[in-house]
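Just so we're clear, the structure is a prediction, and the values are computed from it rather than from any experiment.
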Amino acid sequence: INLSCRAFSPVSRPLPTTLFRKPLAESANLGLRVSTDQIDGNNSNPATTSEYSSSLTRSAALTPSQRRIANVEKYARLPVWPVWQGVFLFFASKIFGPEVAAQWEDNIGGRVCPNFFEPAVTAPFVLLVHHRHAFMNWDPVRYIQRTFFPEGFPSHPHRGFITVTYILKGGFFHRDSVGIKQSYGAEKRHEGKHVQWLTAGAGIQHEEMWDVSVPDEKDEGNFLWTSSQELYQIWLNLPAASKMSTPDAQLLEAHSMDSSASSPPPENTTPIITSEDGSTITTVVAGEHNGVRAPVECPTNASIIRVQFTPNAKDPSTWTHTLPPTHETAILYIRQGSVQIDNQRIPPHHTVYLTPGGEQLTIQALEGEADVLLLSGEPLREPIASQGSMVMNTQEEIQKAYMDYQRGFMGMPWDHALSDDEWREHVKQNPSRY
C-alpha cells in the first residue's frame with residue numbers, strides 16, 4: 001500500500017508507453033542506439049535490456065562531461081479523485097492530443113501517474129508517483145465514492161526505505177504508529193512546511209489523508225469551491241545497514257535563498273534558489289545545487305531537485321547542474337511544459353532516463369514556463385527485494401517484515417475516522433516496538 005493507491009503496487013504494474021514506437025531510435029549526432037521499445041510484461045523496463053546497457057557504456061565513453069538521454073518513457077495516467085475527470089482527460093488526450101490533456105490536467109486534476117522503476121537499475125530510487133487531484137464540494141459522485149474509498153491513504157505499514165512526500169498544491173494530515181501527528185502542504189496555512197521526510201526504517205504505520213476542508217484561494221468565499229491537490233511521492237531506498245533504524249517523520253520548510261548566499265540554509269529546510277536573471281527557481285529537497293546543500297540527513301547518497309522555469313523568462317531559458325561523479329543514476333520527470341535535453345524535445349508527463357557517464361546536465365525550456373523534477377543518486381550495489389509496501393534486501397526479509405507487521409510489532413492499524421484523542425489512545429494501547 002502506498003501513495004499510488006492500494007491497487008498500484010509494484011507487484012502489478014501497468015504497461016507504460018514510450019515516446020517512440022520504433023524498437024530502436026538512432027541518435028544522429030551521437031551514433032548512439034537507444035532502446036525505446038514499448039515495455040512488455042516479461043521485460044518491464046527498457047533499462048534492463050541489453051541495448052540499454054550497451055548504449056550507456058558507449059555514450060559515457062563518447063561524452064564523459066555531458067549527460068545524455070538513454071531512454072524516454074511515458075507511464076500510464078490513471079483516473080482517480082475524481083474518476084470522471086480522469087476519464088474525461090483520457091478521451092481528451094485521444095482527441096486533442098496528450099499535451100493539451102496535460103495542460104487541462106494541471107488545471108482540473110483527476111489523475112495519478114505511478115512511475116514503477118526497476119530498482120536494480122534505478123537504485124537508489126524505487127518509485128515515483130505524481131498525483132493531481134481535485135475535490136469539489138458540488139460533486140455528488142465524490143460523496144458516494146468516499147463512503148467506500150477514503151479521501152486519502154488510511155494506516156498502512158512500511159519498512160526499509162524513506163518516503164519523500166513533496167506537496168505542490170493542497171496538503172495532508174499525517175498520523176502514525178509512533179504517535180506523531182503532522183499537517184503539511186503548499187498552502188499558507190501550512191506555513192511553508194511542504195515536504196515530509198519519513199524514514200520507515202525498522203517499521204512504521206502511517207496514514208496520510210487529504211486536507212480538503214479549505215477551498216483554493218481563488219474560491220474563498222464562493223458557495224461552490226474546489227480543493228486542489230498535487231504532490232510527488234518518492235521511495236528512496238536505504239542501505240542494508242540503515243534498514244532497521246529507528247522510524248521517524250520530519251517536516252521540511254521552504255527557505256528562499258539568494259544565489260550568492262554564503263551561509264548554509266537552516267536545519268529542516270529545503271533551500272529555494274532563484275537565478276540572478278529570475279528565469280529559474282531551484283528547490284533542493286536533498287543533495288546540492290551550485291554549492292547550496294539541503295541540510296536533511298540521509299544515509300543514501302541522493303539528490304532530489306525541482307526546477308521551475310518561470311513564464312516571464314527569456315525564451316528559451318537554460319538550467320545547468322553538476323552531478324556528483326558517483327551519481328550514476330539520473331532520472332528526470334517533466335511535470336509541466338516542454339524542455340530540450342540532449343538536443344531532443346521532451347513533452348510534459350514524460351520520464352527521462354539519463355546515461356551514467358558525465359557530470360553536466362543542461363535543460364532548456366522551449367516554451368517559457370516548465371517544471372522538472374530531477375532524481376539522481378549513487379547505486380547502493382546491494383541486493384534488493386521489493387513487495388507491496390516493504391523494501392528489503394532479500395525475500396526472506398520481506399516475509400519477516402510482513403510477519404512482524406501481523407504480530408503488531410509496528411503497532412496496530414486504526415480507522416482513519418478516529419478522532420485525534422481516540423487515535424492517541426489506540427497508539428498508547430498498541431505501541432510500536434520500534
For the side-chain contact (heavy atoms from CB on, under 4.5 Å) test, which of [options] pairs with [X]?
X      : options                        : answer
Tyr232 : Asn115, Leu168, Val129, Leu375 : Leu168
Met390 : Arg159, Glu397, Gln399         : Arg159
Leu198 : Val164, Ile204, Ile180, Ile162 : Ile204

Is it true that [Y] and [X] share a donor-acceptor pair across their side chains at a distance under 3.5 Å?
X      : Y      : result
His255 : Thr269 : no
Thr270 : His194 : yes
Asn301 : His327 : yes
Asn71  : Glu73  : yes
His349 : Glu99  : no
Trp414 : Glu207 : yes
Gln229 : Ser227 : yes

query: Do the rings of Phe409 and Tyr434 sit parallel, tilted or perpendicular, given the 30° and 60° boundaries?
result: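 Judged by the thresholds at 30° and 60°, the geometry between Phe409 and Tyr434 is perpendicular.
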
Ring geometry between Trp210 and Phe135 (parallel below 30°, tilted from 30 to 60°, perpendicular above 60°):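 Rings of Phe135 and Trp210: tilted, 30 to 60°.
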
Chi angles and distances behind the side-chain hydrogen bond (donor to acceptor under 3.5 Å, both in side chains) call for Ser317, Gln364: CA-CA 6 Å; Ser317 56; Gln364 193 173 62; over 6 Å; no

How far apart are the closest heavy atoms of [X] and [Y], and which atoms are they?
X      : Y      : answer
Gly411 : Gln205 : O-NE2, 2.8 Å
Thr320 : His289 : O-CE1, 3.2 Å
Thr165 : Gln233 : OG1-NE2, 3.3 Å
Val285 : Val195 : CG1-CG1, 4.1 Å
Pro383 : Asn393 : O-ND2, 2.7 Å

Do [X] side-chain atoms and [Y] backbone N/O form a donor-acceptor pair below 3.5 Å?
X      : Y      : result
Gln182 : Ala249 : yes
Gln85  : Ile108 : yes
Arg67  : Gly357 : yes
Ser389 : Pro157 : yes
Thr329 : Ala123 : yes
Lys169 : His133 : no

query: Is there a side-chain contact between Leu373 and His130, using heavy atoms and a 4.5 Å cut-off?
result: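 With C-beta onward as the side chain, the pair stays apart.
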
Side chains of Gln308 and Glu369 in contact at under 4.5 Å (non-hydrogen atoms):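 Result no, sub-4.5 Å side-chain heavy-atom pair not found.
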
Run the salt-bridge test on [X] and [Y] with the 4.0 Å N-O cut-off and return the result as yes or no.
X      : Y      : result
Asp420 : Arg175 : yes
Lys188 : Glu217 : yes
Asp106 : Arg335 : yes

- request: Evaluate the salt bridge (Lys or Arg N to Asp or Glu O under 4.0 Å) criterion for residues Glu105 and Arg77: first the C-alpha distance (whole Å), next the side-chain angles of each, then the deciding distance (0.1 Å), finally the verdict.
  value: CA-CA 10 Å; Glu105 179 187 310; Arg77 309 188 77 79; 2.9 Å; yes

Aromatic ring proximity Trp81/Phe149, centre distance under 6.0 Å: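 Close enough - the centres of the two rings lie under 6.0 Å apart.
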
task: Step through it carefully: locate the ring centre of Phe125, locate the ring centre of Trp235, and say whether they are under 6.0 Å apart.
output: no

